[in-house]
*Asks:* 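Mind looking over this structure? Questions follow.
In what follows, chains are A, B, ... by sequence order, proteins preceding strands, each numbered from 1. Heavy-atom basis, side chains included; hydrogens, waters and symmetry copies ignored.
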There are 2 protein chains.
Amino acid sequence: MKISEIARMAGVSSAAVSRYINGGSISEEKKQRIKKVIEETGYVPNPTARSLRQQRTDGIGVIVPKFNSDSVSNLIEGVSTVLSKSGYLAIFGNAENDEKRELEYMRLMQETRFAGILLMGTVFTAKHIAFFRESKMPIVVCGQNHPSVTCVYHDDKGAAKEITRYMIEKGRRKLAYIGAIERDISVGINRREGVEEAMSEAQLDPSALVRAQVFFAVDDGYKGMNDILDGGYVPDGVICATDTLAVGAIKALQERGYKVPGDISVAGIGGGFAGTIITPALTTVKLFHRECGERGARLLLSMIEQQREKPDQKLPTTHTMFGYSLIERESV
Amino acid sequence: MKISEIARMAGVSSAAVSRYINGGSISEEKKQRIKKVIEETGYVPNPTARSLRQQRTDGIGVIVPKFNSDSVSNLIEGVSTVLSKSGYLAIFGNAENDEKRELEYMRLMQETRFAGILLMGTVFTAKHIAFFRESKMPIVVCGQNHPSVTCVYHDDKGAAKEITRYMIEKGRRKLAYIGAIERDISVGINRREGVEEAMSEAQLDPSALVRAQVFFAVDDGYKGMNDILDGGYVPDGVICATDTLAVGAIKALQERGYKVPGDISVAGIGGGFAGTIITPALTTVKLFHRECGERGARLLLSMIEQQREKPDQKLPTTHTMFGYSLIERESV
DNA sequence: GAATATTTTGTAATCGATTTCATTAACTAT
DNA sequence: ATAGTTAATGAAATCGATTACAAAATATTC
């Protein structure tokens, strides 16, 4: 079923049908006739033809570093609930934790003239920044913050500070920190700085903090904890950059016969699923991944609208920070 | 940059350029000229225009019931690694555990003339079956089995049988089963039947099995276990239809002061992440979600190829069953 | 070397919508 | 009543590729 067919059936030109659909001026009488035919036939305009003519698609690209992670899948869940109600189609790209693939996807999505890009960022290279600067596409980044692009992110430093403060309050003063790779600003650097700041404020010397720097898996937390202990340092409190790392750290401690939190407290950051099922239940700081995805998607949608109204104009960047919320459980 | 521009620069017609790209007959000399120009300009054909003319898109629809679940996100991971190497674009649709939305997506994807559909099925209604029967699109279902459509699924009954047999071997004879809603054939019915069969084969009366039927979340397993105990039945072994349910069941037991596995053994089915981090570590049967997604994607790709060669022909359905693998840990 | 088959080529049609443009019809204001 | 707006209309152009078709160039056969 195509538009010319509908036009024939309604006894009008295809231009009239197009105007009916897209809201051009048209007489009430024809409007009714066209409406009737469209309802009877269940006609839907061919999106490909429309895209070709209008020089844009109704696709929104969502680039994620991987799928099988708690925080990412909640973020996606949030994004997809918003987009599925919007008339746009979400196209997900799995960057496989590789910045180069991220860039490839961004370029592909720009070439394909997607309506916008939502990037769940990990590491920003100079090429990323250049892309943000040069591209006129609506782009939103979730989870990182950078002045060159619109971002929705968490107060990572604040969250880390909060959980550290809490641990110090609970009487732990000999701290260790298992952090993530520092090419990731949000998780790698900001959270560490939060820990250090909280220590300073409590008159503890942050340079005395023993740190391990690892990746993001349970095994990495496990290894990080063991490295610290093997180094001869036995803390009484361990902060981990993510809940997943904390799970690994607790496992390492328990294997060595330490009681958590009796001998050593452990805290995470994230508030994901894993922390709710381990023993002891993980004390952590909740971050709002799902909400972050929702907000990011909504923001992108409004940027796309804005651009529709004034094309060719570089969109201003905005920066939205989400807070956090301490979850007291059993591991501290 | 468009094809006519390339043609002008290479001093040929745009038909020649198109033939160069799509492999038509063309002289070696022009081939070189065109190649050079394309390389210099980095020209890529406009996919929208191509789709319009060829009456098909390079999109593959992937419909999932939700994103934030371990099994689903591994499946997606598998699917996306295969598709991202294929030249096709994966478009994910979140059906939000709603069969109606599943159908809506299927219809939308058919209208949009996607190259194929990969459905991570939950419940099949009569409308699903009708769609499978009538549609000429390449469709692959992951996780369920039905004769009317090509499926890649697990031996759910076998897996359930295996873990039950194992539990009986370990001396547990007073069993309970926490199962999932039975509108889901694979997880709801087949797994329960596997448990019952294993009991019969061990001369245990399956009708004596106490069952709870719940949804898929941790809390559902928790509730299911409590319901069984509140009914006055204290089993010595509990089989759960999924690992997630097992996590909830163990939590309920521990809260009531039972030792797992000392007093009561608990086993799951799935082999996901959750079972590796709880205490005691979950004894379970591994299912190959990631591999299932990979296989499903590859199969769909080959079906799409087949259809390219002989269009208008209904594709034959195939049925691929994956096995399982017992994981002995601590909960039995 | 003529007749025939095959390959190469460009022109123009095509996919299905939207949009420009020129024209006509219907109002408003004077 | 007339000039000047504004709204409604359909024919035709357009988006950027692929492809049917016919013509031209080349290769093959006898």
*Asks:* By salt bridge (charged side-chain N to carboxylate O under 4.0 Å, His left out), which residues pair with Arg295(A), not counting sequence neighbours?
*Replies:*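 In terms of salt bridge (charged side-chain N to carboxylate O under 4.0 Å, His left out), with neighbours along the sequence ignored, Arg295(A) is linked to no residue.
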*Asks:* Using a cut-off of under 3.5 Å, enumerate the N/O to N/O pairs linking the protein to nucleotides 8-10 of chain D.
*Replies:*
{"unit_1": "dT9(D)", "atom_1": "OP1", "unit_2": "Ser27(A)", "atom_2": "OG", "d": "3.1"}
{"unit_1": "dT9(D)", "atom_1": "OP2", "unit_2": "Ser27(A)", "atom_2": "N", "d": "2.9"}
{"unit_1": "dT9(D)", "atom_1": "OP2", "unit_2": "Ser27(A)", "atom_2": "OG", "d": "3.4"}
{"unit_1": "dT9(D)", "atom_1": "O3'", "unit_2": "Lys30(A)", "atom_2": "NZ", "d": "3.3"}
{"unit_1": "dG10(D)", "atom_1": "OP1", "unit_2": "Lys30(A)", "atom_2": "NZ", "d": "3.1"}
{"unit_1": "dG10(D)", "atom_1": "OP2", "unit_2": "Ser13(A)", "atom_2": "N", "d": "3.3"}
{"unit_1": "dG10(D)", "atom_1": "OP2", "unit_2": "Ser13(A)", "atom_2": "OG", "d": "3.2"}
{"unit_1": "dG10(D)", "atom_1": "N7", "unit_2": "Arg19(A)", "atom_2": "NH1", "d": "3.4"}
{"unit_1": "dG10(D)", "atom_1": "N7", "unit_2": "Arg19(A)", "atom_2": "NH2", "d": "3.4"}
{"unit_1": "dG10(D)", "atom_1": "O6", "unit_2": "Arg19(A)", "atom_2": "NH2", "d": "2.5"}

*Asks:* Taking side-chain contact (heavy atoms from CB on, under 4.5 Å) as the definition, give me every residue that meets it alongside Arg8(B), ordered by chain and number, with sequence neighbours left out.
*Replies:*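 side-chain contact (heavy atoms from CB on, under 4.5 Å) check on Arg8(B) returns Glu5(B).
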*Asks:* Does anything in residues 76-85 of chain B form a side-chain hydrogen bond (donor to acceptor under 3.5 Å, both in side chains)? List the pairs, not counting sequence neighbours.
*Replies:*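 Only Asn94(A)-Glu77(B), Asn94(A)-Ser80(B), Arg101(A)-Ser84(B) qualify under side-chain hydrogen bond (donor to acceptor under 3.5 Å, both in side chains).
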*Asks:* With Val141(A) as reference, evaluate Val152(A), Val149(A), Thr150(A) under the side chain to side chain contact (heavy atoms under 4.5 Å, CB included) test and give the passing residue.
*Replies:*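 Only one option passes, and that is Val149(A).
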*Asks:* Indicate whether the side chain of Asn145(A) and that of Tyr153(A) have a donor and an acceptor atom separated by less than 3.5 Å.
*Replies:*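 Yes, a side-chain donor-acceptor pair sits under 3.5 Å.
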*Asks:* Based on the rotation axes of five pairs at each end, what angle does the helix from dG1(C)-dC30(D) to dT30(C)-dA1(D) bend through, to 10°?
*Replies:*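 Both end axes considered, the difference amounts to 30°.
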*Asks:* With 3.5 Å as the limit, what N/O pairs link the protein to nucleotides 15-17 of chain C?
*Replies:*
{"unit_1": "dC15(C)", "atom_1": "O3'", "unit_2": "Gln55(B)", "atom_2": "NE2", "d": "3.2"}
{"unit_1": "dC15(C)", "atom_1": "O2", "unit_2": "Arg53(B)", "atom_2": "N", "d": "3.4"}
{"unit_1": "dG16(C)", "atom_1": "OP1", "unit_2": "Gln55(B)", "atom_2": "NE2", "d": "3.0"}
{"unit_1": "dG16(C)", "atom_1": "OP2", "unit_2": "Lys2(A)", "atom_2": "NZ", "d": "3.0"}
{"unit_1": "dG16(C)", "atom_1": "N2", "unit_2": "Ala49(A)", "atom_2": "O", "d": "3.3"}
{"unit_1": "dA17(C)", "atom_1": "OP1", "unit_2": "Tyr43(A)", "atom_2": "OH", "d": "2.8"}
{"unit_1": "dA17(C)", "atom_1": "OP1", "unit_2": "Asn46(A)", "atom_2": "N", "d": "2.8"}
{"unit_1": "dA17(C)", "atom_1": "OP2", "unit_2": "Ile3(A)", "atom_2": "N", "d": "2.3"}
{"unit_1": "dA17(C)", "atom_1": "O5'", "unit_2": "Tyr43(A)", "atom_2": "OH", "d": "3.2"}

*Asks:* Sequence neighbours left out, what passes salt bridge (charged side-chain N to carboxylate O under 4.0 Å, His left out) with Arg33(B)? Give chain and number order.
*Replies:*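 So Arg33(B) forms a salt bridge (charged side-chain N to carboxylate O under 4.0 Å, His left out) with Glu29(B).
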*Asks:* With sequence neighbours left out, what residues match Glu40(A) under salt bridge (charged side-chain N to carboxylate O under 4.0 Å, His left out)?
*Replies:*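 Scan of Glu40(A) (salt bridge (charged side-chain N to carboxylate O under 4.0 Å, His left out), adjacent residues dropped) gives Lys36(A).
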*Asks:* Can you name the residues that form a side chain to side chain donor-acceptor pair (under 3.5 Å) with Glu104(B), not counting sequence neighbours?
*Replies:*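 Not a single residue meets the side chain to side chain donor-acceptor pair (under 3.5 Å) criterion with Glu104(B).
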*Asks:* Can you pull every protein N or O that's under 3.5 Å from an N or O on nucleotides 25-27 of chain C?
*Replies:*
none

*Asks:* ring-ring contact (aromatic ring centres under 6.0 Å, His included) with Phe92(B): which residues, sequence neighbours excluded?
*Replies:*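 Partners of Phe92(B) by the ring-ring contact (aromatic ring centres under 6.0 Å, His included) criterion, ordered by chain and then number, come out as Phe67(A), Phe92(A).
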*Asks:* For the residue pair Glu102(A) / His128(A), report whether a side-chain donor-acceptor contact shorter than 3.5 Å exists.
*Replies:*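 Looking only at side-chain atoms, Glu102(A) and His128(A) do form a donor-acceptor pair, the distance falling under 3.5 Å.
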*Asks:* Judged by modelled atom types alone, do Gln144(B) and Thr122(B) share a side-chain donor-acceptor pair under 3.5 Å?
*Replies:*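 Looking only at side-chain atoms, Thr122(B) and Gln144(B) do not form any donor-acceptor pair under 3.5 Å.
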*Asks:* Quick one: list whatever passes side-chain contact (heavy atoms from CB on, under 4.5 Å) with Ile21(A), sequence neighbours left out.
*Replies:*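 With neighbours one apart ignored, the set is Val17(A), Ile38(A), Tyr43(A), Pro45(A), Arg50(A).
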